[in-house]
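This is the structure, below, for whatever I ask next.
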Amino acid sequence: MHRSVSWAIFAGLAAFFLLQGVPVRSGDATFPKAMDNVTVRQGESATLRCSVDNRVTRVAWLNRSSILYAGNDKWCLDPRVVLLSNTKTEYSIQIQDVDVYDEGPYTCSVQTDNHPKTSRVHLIVQVSPKIVEISSDISINEGGNISLTCIATGRPDPTITWRHISPKAVGFVSEDEYLEITGITREQSGEYECSASNDVAAPVVRRVKVTVNYPPYISDAKSTGVPVGQKGILQCEASAVPAAEFQWYKDDKRLVEGQKGVKVESKAFFSRLTFFNVSEQDYGNYTCVASNKLGNTNVSIILYEETTTALTPWKGPGAVHDGNNGTSRRAGCIGLLPLLLLHLLLKF
């Protein structure tokens, strides 16, 4: 009973002097000597140490005006606070699973020669960055304005950066919580990445997809020549967001899938018109129309007849036609006979 009363008196005096702002008397004694500021990450354990010597008769750890430990006796109800060491040279406690509300001043109070003395240490709790708010994916027409928001928390305050995830993008597009784009173009569509970093842990990133809508633009369409009876293909390519819908016309008449001898095949960015057996009636001017909710465009493509010229083998000098082979050889022999007779007469 007497021991508990003594501790209560000591703890009360320590708290009183602490609240009254009694300075640390480190100039006339080497104790109590607490650590420098202690920095830990959220969720880790913080160890608070106080160096003492054999002149100390009573010791206690306080958090602001609350007594945590007095000697070996625990005064707080927090199960995370435990006594690590109470020896003639060190008095230390540990706070497990540290959170942000644990941050603040802690005081080591000792009594020697009936005079309490204190030493203070400040606990700093660092918190990994966390993105708590970010804009949703957005769809906007070309030429419009957008504003993207990325809010993050952490200790110390995290640095926020935005960058465009694109092969053509270079570096950061913003070093702020907000990203403003005015008069957006189709080249600025894609994903935008928000990064929050404060060197406590690896940066956290989140992405926002920006879709830029624009009317169709026909990028490729060529006229084609095909002989009668052969397979012919007309193709029309268009870029658009949303993807374009294609239609084919000939002389103001729409061509549809299932029409005899013709196949219409349309994908996201192109349409193909196939003729399996081109006839004279198939030749002419065709119109490819590409459209979406923002507009439409068209292009004229011609399917024309490609004539094939029959090629005969080239006959050079001295060439012999197969139909006259026998006659030609006999004529050659008769022509050489007089020359041979003349040669023999001159010899004799």
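Side chains are part of it too, since the values below use all heavy atoms of this structure and drop only hydrogens, waters and symmetry mates.
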query: Is Thr57 close to Gln111 at the side-chain level, that is, under 4.5 Å between some pair of heavy atoms?
result: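 Side-chain contact under 4.5 Å: yes.
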- request: Starting from the C-alpha separation in whole Å, work towards a yes-or-no answer on side chain to side chain donor-acceptor pair (under 3.5 Å) for Glu142 and Asn213.
  value: CA-CA 6 Å; Glu142 190 171 35; Asn213 304 311; over 6 Å; no
query: Would you say the side chain of Ser128 lies within less than 4.5 Å of the side chain of Arg41, judging by non-hydrogen atoms?
result: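 The answer is no; the side chains never approach within 4.5 Å.
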- prompt: Going by heavy atoms in the side chains, are Trp162 and Cys150 under 4.5 Å from each other?
  reply: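 SC-SC contact between Trp162 and Cys150 confirmed.
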ILVMFWY network linking Leu273 to Phe270, side-chain heavy atoms under 4.5 angstrom: no
Side chain to side chain contact (heavy atoms under 4.5 Å, CB included) between Val210 and Tyr192, worked out: CA-CA 7 Å; Val210 176; Tyr192 286 79; 3.7 Å; yes
field: Ile124/Val38 under side chain to side chain contact (heavy atoms under 4.5 Å, CB included): CA gap, chis, key distance, verdict
entry: CA-CA 6 Å; Ile124 300 172; Val38 176; over 6 Å; no
- request: Supply the atom-to-atom distance Gln96 CD to Thr47 OG1, rounded to the nearest 0.5 angstrom.
  value: 9.0 Å
field: Connected hydrophobic set around Tyr214, excluding itself, where side chains approach under 4.5 Å
entry: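 Val241, all in the cluster of Tyr214.
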task: Could you tell me whether the side chains of Ser139 and Thr211 share a donor-acceptor contact shorter than 3.5 Å?
output: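 Not at all, the side chains of Ser139 and Thr211 share no donor-acceptor pair under 3.5 Å.
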message: When you compare the side chain of Val200 with that of Val127, does any pair of heavy atoms fall below 4.5 Å?
response: no
- prompt: In terms of hydrophobic clusters joined by side-chain contacts under 4.5 Å, are Val125 and Ile93 together?
  reply: yes
message: Counting only heavy atoms from other residues, nucleotides and ligands, does the tally under 6.0 Å from CZ of Phe276 exceed 12?
response: yes
message: Do Ser271 and Trp248 pair up side chain to side chain, a donor and an acceptor below 3.5 Å, judged on atom types alone?
response: yes
task: Taking the side chain as every heavy atom from C-beta outward, state whether Lys88 and Asp53 have any pair of such atoms under 4.5 Å apart.
output: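 Lys88 vs Asp53: side chains apart.
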- prompt: Which atom names give the shortest non-hydrogen contact between His164 and Glu187, and what distance separates them?
  reply: CE1-O, 3.6 Å
message: Quick check: closest heavy atoms across Asn292 and Ala240, and the distance to 0.1 Å?
response: ND2-CB, 3.7 Å
message: Between Ser279 and Asp282, do the side chains contain a donor N or O and an acceptor N or O under 3.5 Å apart?
response: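 Yes, side-chain donor-acceptor contact under 3.5 Å.
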Linked, directly or transitively: Ile131 and Ile151 (ILVMFWY side chains, under 4.5 Å):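 Ile131 does not cluster with Ile151.
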query: What pair of heavy atoms forms the shortest contact from Ile302 to Leu234, and how long is it?
result: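 So the minimum-distance heavy-atom pair works out to O-CD2, 4.1 Å.
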statement: Between Leu303 and Tyr286, the two heavy atoms sitting closest are CB-CE1, 3.9 Å
message: Assess, by modelled atom type and distance only, whether the side chains of Tyr249 and Gln247 contain a donor and an acceptor separated by less than 3.5 Å.
response: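 A pair is found: one side chain offers a donor N or O, the other an acceptor, under 3.5 Å apart.
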field: Short side-chain donor-acceptor distance under 3.5 Å, Asp97 and Ser45
entry: no
task: Flag yes if Ile138 and Tyr178 sit in one hydrophobic cluster, no otherwise; membership is Ile, Leu, Val, Met, Phe, Trp, Tyr, and two members link when side-chain heavy atoms are under 4.5 Å apart.
output: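 The answer is no; the residues belong to distinct hydrophobic clusters.
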query: Are Ile218 and Glu237 close enough that some pair of their side-chain heavy atoms sits under 4.5 Å apart?
result: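 No, side chains not in contact.
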Distance-only side-chain donor-acceptor flag, Ser291 / Glu245, under 3.5 Å: no
- request: Verify, without hydrogens or angle tests, whether Gln188 (side chain) and Thr185 (backbone) share a donor-acceptor contact under 3.5 angstrom.
  value: yes
task: Please report the C-alpha distance between Trp61 and Val121 in whole Å, then the side-chain angles of each, then the deciding distance to 0.1 Å, and finally whether the side chain to side chain contact (heavy atoms under 4.5 Å, CB included) criterion is met.
output: CA-CA 11 Å; Trp61 270 106; Val121 59; 3.9 Å; yes
- request: State, without any angle test, whether Gln235 and Arg272 hold a side-chain donor-acceptor pair at a distance under 3.5 Å.
  value: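 Yes - a donor-acceptor pair under 3.5 Å links their side chains.
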message: Same cluster or not: Val208 versus Ile160, using hydrophobic residues (I, L, V, M, F, W, Y) connected whenever any side-chain heavy atoms lie under 4.5 Å apart?
response: no
- request: Output yes when Lys253 and Asp251 qualify as a salt bridge under the 4.0 Å nitrogen-oxygen rule, no when they do not.
  value: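 Salt bridge flag = no for Asp251 with Lys253.
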task: Measure from the ring center of Tyr283 to the ring center of Phe275 and say whether it is less than 6.0 Å.
output: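 Here the rings of Phe275 and Tyr283 have centres that are no less than 6.0 Å from each other.
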task: Let me see the working for Asp78 and Arg80 under salt bridge (Lys or Arg N to Asp or Glu O under 4.0 Å), right down to the final yes or no.
output: CA-CA 5 Å; Asp78 192 339; Arg80 300 175 305 124; 2.8 Å; yes
Asp199 atom CG, neighbour heavy-atom count above 12 within 6.0 Å: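 Counting other residues, nucleotides and ligands, CG of Asp199 stays at 12 neighbours or fewer.
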message: For a quick test of reading the model, state the closest non-hydrogen atom pair linking Val204 to Pro129 and the distance between them.
response: CG1-O, 3.6 Å
message: Give me the atom names and distance for the closest heavy-atom approach of Ala268 to Ala243.
response: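 Closest approach of Ala268 to Ala243, heavy atoms only: O-CB, 3.8 Å.
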message: Evaluate Glu193 against Arg207 for salt bridge (Lys or Arg N to Asp or Glu O under 4.0 Å), listing each step before the verdict.
response: CA-CA 4 Å; Glu193 182 181 86; Arg207 292 184 177 183; 3.2 Å; yes
- request: Could you check if a side-chain atom of Leu68 sits within less than 4.5 angstrom of a side-chain atom of Tyr106, using non-hydrogen atoms only?
  value: yes
query: Within a strict 4.5 Å, meaning less than it, do heavy atoms of the Gln126 and Val40 side chains meet?
result: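 Counting from C-beta outward, Gln126 and Val40 never come under 4.5 Å.
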